[in-house]
There are 2 protein chains.
Amino acid sequence: MNIEEGKQTFIQAWGTLGSDWGVNRTMAQVHALLLVSAKPLSAKDIMDQLKISIGNANMNIRALIDWGLVYKKIIPGERKDYFIAEKDMWDIIKKIIAQRKKKELDPMKKVLTQISEIEGEGEEVETFKSVVQDIQSFSNKADNALEKLIRSDESWFLSTLIKLMK
Amino acid sequence: MNIEEGKQTFIQAWGTLGSDWGVNRTMAQVHALLLVSAKPLSAKDIMDQLKISIGNANMNIRALIDWGLVYKKIIPGERKDYFIAEKDMWDIIKKIIAQRKKKELDPMKKVLTQISEIEGEGEEVETFKSVVQDIQSFSNKADNALEKLIRSDESWFLSTLIKLMK
DNA sequence: TTATATTTTCAATATTTATTGAAAATATAA
DNA sequence: TTATATTTTCAATAAATATTGAAAATATAA
């Protein structure tokens, strides 16, 4: 396998993974392309390599910048914007987790707090309360763990993982 | 808030969370409905409560059974099948993780192995190899951790979480 | 066995989500 | 300033995904 085939395969796979995770496939592909590119790429480069329109390229590049996964890189003498991906895998993971926590876990916790205060008695109410409580308890633990993870550096995480594996 | 409002809110929120996770929204809603129901429900009950068609109900119930999140419950004297949800939150989490690992992490690991063997030299090749290696290293660690998690009981998980929080 | 209830399938349809590309806005060079 | 390159927006369109419900298959009761 040569480098071009390798890149293509990676972009494809990263795009599929993105889809599975509820992330726009093209956004994941743009991310993949920038990840494996040694040099900064312009919107035009991305359009050409992924065969997508200018609007699509623009929107997904901006989404990646919002997520903190891609940075603008100004090249002196060049009129176009260029882009580079954050390559530190630990940083990438933390940023993705932070985004998803904010979008998914935080709203769910809010809902759970609301519905944990329902009134009434009987089997249905007991079952409901019990399920909600269990999910709440898990959500809170996950929240703490993720919050800590987002604030940690990789060495802490790795040593924790090693202990965890014992 | 009364029980019916509570259930509705929960079903809604669980469905949205499902969408974010690349899971069919209706599948997540059927799961939510069965989770908070004290009694087994028939396909008809589910159709009526979620206002979905028989085909839709059938397909999503079966998907949930495939995931191990829902069981068939035969009620003597009843001709219809009834369904109950697994209510043990730890068991639910493990089953979801197992499914997603199989569908997402395992194929990604395979691709990474393939593309880590590319030929060539130069900056582009070095960048590519380095990114792929980082992802591979992370994937392997995640794989070990998830594999262990799937095989563990909740008490191990909780004590690990507590250590992790220190 | 036959009659009926229930479940399953899947082509047609609806809905949701992503993409395009022209036009508008903005930035840069001269 | 004007001319031109580049970026951004967003309505129209395309593509992907989910849903319906009639027909077929299967299961149960009598």
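Order of the sequence lines fixes the chain letters, A, B, ..., with proteins taken first and strands second; residue numbering starts at 1 for each chain. Every value quoted in this text rests on a predicted model; they were computed, and no experiment measured them. Just so it is clear, the values below take in all heavy atoms, side chains as well, and ignore hydrogens, waters and symmetry mates.
Atoms OH (A:Tyr82) and C1' (C:dT28) sit 15 Å apart, rounded to a whole Å. Residue B:Met47 contributes atom CE, which lies 12 Å from atom C1' of D:dT19 at whole-angstrom precision. What separates CD1 of A:Ile61 from P of C:dT19 is a distance of 13 Å, to the nearest Å. B:Ile75 has its CD1 atom 20 Å from the P atom of D:dA27, to the nearest Å. What separates CD1 of A:Ile52 from C1' of C:dT17 is a distance of 16 Å, to the nearest Å. Note: CG (B:Asn60) to P (D:dT17) measures 15 Å, nearest angstrom. Separating the NZ atom of B:Lys80 from the P atom of C:dT4 is a distance of 17 Å, rounded to the nearest angstrom. D:dT17 atom P lies 19 Å from atom CH2 of B:Trp21, rounded to whole Å.
Not a single donor-acceptor pair, N or O on each side, falls under 3.5 Å between the base of C:dT6 and the side chain of B:Arg79.
Of the candidate nucleotides C:dT7, D:dT7, C:dG21, C:dG21 has the atom nearest to the side chain of A:Ser53.
Dashed line: the shortest gap from a side-chain N or O of A:Ser42 to OP1 or OP2 of D:dT6 is not under 4.0 Å. Checking the phosphate oxygens (OP1, OP2) of D:dT8, a side-chain nitrogen or oxygen of A:Asn58 falls inside 4.0 Å.
With sequence neighbours excluded, the residues satisfying ring-ring contact (aromatic ring centres under 6.0 Å, His included) with A:Phe157 are A:Trp90.
At the heavy-atom level, B:Ile54 lies under 4.0 Å from base atoms of the strands shown. Among the protein residues, A:Arg62 comes within range of the sugar-phosphate backbone only, with heavy atoms under 4.0 Å from sugar or phosphate atoms but none that close to a base.
Between the side chains of B:Asp134 and B:Ser137, no donor-acceptor pair of N or O atoms lies under 3.5 Å.
Within the 4.5 Å cutoff, the side chain of B:Lys7 has no heavy atoms near those of the B:Gln49 side chain.
Each of A:Met59 and A:Glu78 has a nearest nucleotide on DNA chain C; the 5'-most of these lies closest to A:Met59. Remark on DNA chain D: of its neighbouring residues A:Asn56 and B:Val23, the 5'-side contact belongs to A:Asn56, judged by nearest-heavy-atom nucleotide. Judged by closest nucleotide on DNA chain D, A:Lys72 is the one of A:Lys72 and A:Ser19 placed further toward the 5' end. The 5' end of DNA chain C is approached more closely, in terms of each residue's nearest nucleotide, by A:Gly55 than by the other of A:Gly55 and A:Asp81.
Proximity of residues 7-15 of chain B to DNA chain D (heavy atom under 4.0 angstrom from any strand atom) is not detected for any residue.
Electrostatic pairing of B:Asp48 and B:Lys44 counts as a salt bridge here, judged by a charged N lying under 4.0 Å from a carboxylate O. Residues B:Asp91 and B:Lys95 are paired through a salt bridge, judged by an N-O separation under 4.0 Å between the basic side chain and the carboxylate.
Note on A:Leu34: it does not cluster hydrophobically with A:Tyr82, by side-chain heavy-atom contacts below 4.5 Å among ILVMFWY residues. In this structure, B:Leu35 is a member of the same hydrophobic cluster as B:Leu50, with clusters built from ILVMFWY side-chain heavy atoms closer than 4.5 Å. Hydrophobic clustering of Ile, Leu, Val, Met, Phe, Trp and Tyr side chains at less than 4.5 Å, counting indirect connections, keeps A:Ile61 apart from A:Ile54.
Judged purely by atom type and a 3.5 angstrom limit, B:Ser139 uses its side chain to pair as donor or acceptor with the backbone of B:Ile135.
Figure legend: cation-pi geometry between B:Arg100 and A:Trp21, with NZ or CZ positioned under 6.0 Å from the six-membered ring centre and within 45° of its axis.
For DNA chain D, each stem of at least three Watson-Crick or G-U pairs (distances under 3.5 Å) is given as range with range: C:1-30 with D:1-30.
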